[in-house]
Amino acid sequence: MRLRSAFPAVLGAALLLAAVPTSASAAEGQFRYDYVTAEGYDVTGFLNNPPNGVCVNLPGLDSENSAPAHSPKNRTDTEATVYADADCEGASFNLRPHTGGGSERLKLRSVSFGPIPSED
């Protein structure tokens, strides 16, 4: 008898969890960029399912590597904004979702996906 009365509660909880929308905290897909390491190697960097609404300084571009990245490709489902400088500063360029990209002439050090919340 107890099992029969517990079943509707379990079913109700499962349906409630299924109805809760999933988090929109990440752009789904991959963002790619090319850069040259401090040792002089050509490398492709990746951001898989990057966070939305935050600035991301590109991995691989540290103080030892003074050359910026180039040739970004946005294969995420969210618009990406690339920036010439770290911390999402300097000149910027928007890349549309899924197919946005730039040539080797487009230099970048950071990127954001979707709007970055203001600090007001």
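All of these numbers come straight from a predicted model, not from anything done at the bench.
- One hydrophobic cluster, built from ILVMFWY side chains closer than 4.5 Å, cannot hold both Phe46 and Tyr35; they sit in different ones.
- For Asn48, the side-chain contact (heavy atoms from CB on, under 4.5 Å) partners at least two apart in sequence or on another chain are Gln30.
- Within the model, atoms CG of Leu108 and CZ of Phe31 stand 5.5 Å from one another, a figure rounded to the nearest 0.5 Å.
- Partner of Val56 under the side chain to side chain contact (heavy atoms under 4.5 Å, CB included) criterion, chosen from Pro51, Ser112, Ser110: Pro51.
- Taking 4.5 Å as the limit, every side-chain heavy atom of Pro68 sits out of range of all side-chain heavy atoms of His70.
- Under the 4.5 Å side-chain heavy-atom criterion for Ile, Leu, Val, Met, Phe, Trp and Tyr, Tyr33 and Val43 are members of the same hydrophobic cluster.
- Every residue was checked against the side-chain hydrogen bond (donor to acceptor under 3.5 Å, both in side chains) condition with Asp77, not counting sequence neighbours, and none meets it.
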Distance-only donor-acceptor hits, side chain of residues 78-94, under 3.5 Å, sequence neighbours excluded:
unit_1	atom_1	unit_2	atom_2	d
Thr81	OG1	Asn94	OD1	2.8
Asp87	OD1	Asn57	ND2	3.0

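- The CG atom of Leu47 sits 6.0 Å away from the CG atom of Leu58 when rounded to the nearest 0.5 Å.
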Using atom types as modelled, flag every donor-acceptor pair under 3.5 Å from a side chain in residues 95-107 to any protein atom, sequence neighbours excluded.
unit_1	atom_1	unit_2	atom_2	d
Arg96	NE	Thr99	OG1	3.0
Ser103	OG	Arg105	N	3.1
Lys107	NZ	Glu104	O	3.0

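- With Asn49 contributing its side chain and Gly29 its backbone, the two residues share a donor-acceptor pair below 3.5 Å.
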request  = List the steps, then state whether side-chain contact (heavy atoms from CB on, under 4.5 Å) holds for Val36 with Tyr41.
outcome  = CA-CA 5 Å; Val36 178; Tyr41 298 106; over 6 Å; no
